[in-house]
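Atoms within each ligand, like the ligands themselves, are counted from 1 in listed order. We number each residue from 1, following the sequence as shown.
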Amino acid sequence: MTRGQFITFEGTEGVGKSTQIARAAAALQARGVSVLVTREPGGTPMAEAIRALLLEPRDEPVHELTELLLMFAARAQHLHTRILPALDAGQWVLCDRFTDATFAYQGGGRGVSRERIAVLEQLVQDDVRPDQVFLLDAPVETGMARARSRGALDRFEQEAVTFFQRVRECYRVRAALQPDRYQLIDAARPLEQVAADIRRHLHAMLDRR
Ligand code: TMP
């Protein structure tokens, strides 16, 4: 059994990740690929419970290390009980966010050092990294307006524009450093154009196998 591909979708709030993941899944399924669509934090009942803890707005200040450890606790459960078994069974896994989000949000956004995050990445993942990362990139203001129109804001969505600007910049730097693994996608364009771009990359991945 050929191992599946591990593909993640990243970006700041409101860039259209969910829509694009659904389109990408459909494009792969149309080519006969078995797909698992999942998300972080979350993806298993326990990891979804940790997600709820992380996203709920609260009066108590949340220490950045508490947030960081909860992200990796959820990830350990999700990776080892859901993602890796699916990849081993030959499924392609499309994951809405993964560790790049930790580097961008807890690193770029909250200011936790890259080295600290990398220690946990190694502990939880060993050498598992996404095969391909689609970074949906758009100006922060556009996405925040979209996120706000969806209703009550979660603990992250309540952050200031400057927080998301740091997150975006961190994502862009990571993408520039590893151009083979990252596709920087201009997500400010109409969604059909964005979907066509992603589909082209997925077809190229399939053709290479
Ligand atoms: P979502 O809105 O894309 O579902 O993601 C939930 C929030 O969690 C989003 O604001 C980004 C944040 N997040 C982190 O801060 N670190 C992480 O490692 C992950 C996976 C998500």
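Interface of P41 with ligand 1, defined as ligand atoms under 4.0 Å from a residue heavy atom, comprises 8 (O), 19 (C), 20 (C), 21 (C). Within ligand 1, the atoms closer than 4.0 Å to a non-hydrogen atom of E40 are 20 (C), numbered from 1 in the order shown. Atoms of ligand 1 lying under 4.0 Å from any heavy atom of Y105, numbered from 1 in the order shown and given with element: 10 (O), 11 (C), 14 (C), 15 (O). Atoms of ligand 1 found under 4.0 Å from any heavy atom of R75 (numbered from 1 in listed order, with element): 18 (O), 20 (C).
Closest to atom 18 (O) of ligand 1 among all protein heavy atoms lies T102 OG1, 2.6 Å. The protein heavy-atom contact nearest to atom 14 (C) of ligand 1 is M71 CE, 3.2 Å. Among protein heavy atoms, the minimum distance from atom 4 (O) of ligand 1 is reached at R51 NH2, 2.7 Å.
Among E67, E13, Q106, the residue whose heavy atom sits closest to atom 2 (O) of ligand 1 is E13. Nearest to atom 5 (O) of ligand 1 by heavy-atom distance, out of E159, H78, R97, is R97.
Aromatic ring orientation, F156 versus F163: tilted (interplanar angle from 30° to 60°).
Across every non-hydrogen atom of G42 and H78, the tightest pair is O-CG, 3.2 Å.
In this structure, the side chain of R97 does not engage the main chain of E40 through any donor-acceptor pair within 3.5 Å.
Note that CZ of R75 and OG1 of T102 are 3.5 Å apart. Values are rounded to the nearest 0.5 Å.
For R39, the heavy-atom gap to ligand 1 stays at 4.0 angstrom or more.
Where the criterion is an N or O separation shorter than 3.5 Å, residue side chain and backbone included, K17 meets it with respect to ligand 1.
Of the heavy atoms in L55, only side-chain atoms (C-beta onward) come closer than 4.0 Å to ligand 1.
Salt bridge present: R31 and D207 bring a charged side-chain N and a carboxylate O closer than 4.0 Å. Ion pairing between a basic and an acidic side chain is recognised when a charged N comes within 4.0 Å of a carboxylate O; R155 and E13 show no such pairing. Salt bridge present: E48 and R39 bring a charged side-chain N and a carboxylate O closer than 4.0 Å.
Using a 3.5 Å distance cut-off with no hydrogens or angles, the side chains of Q132 and Q5 do not pair a donor with an acceptor.
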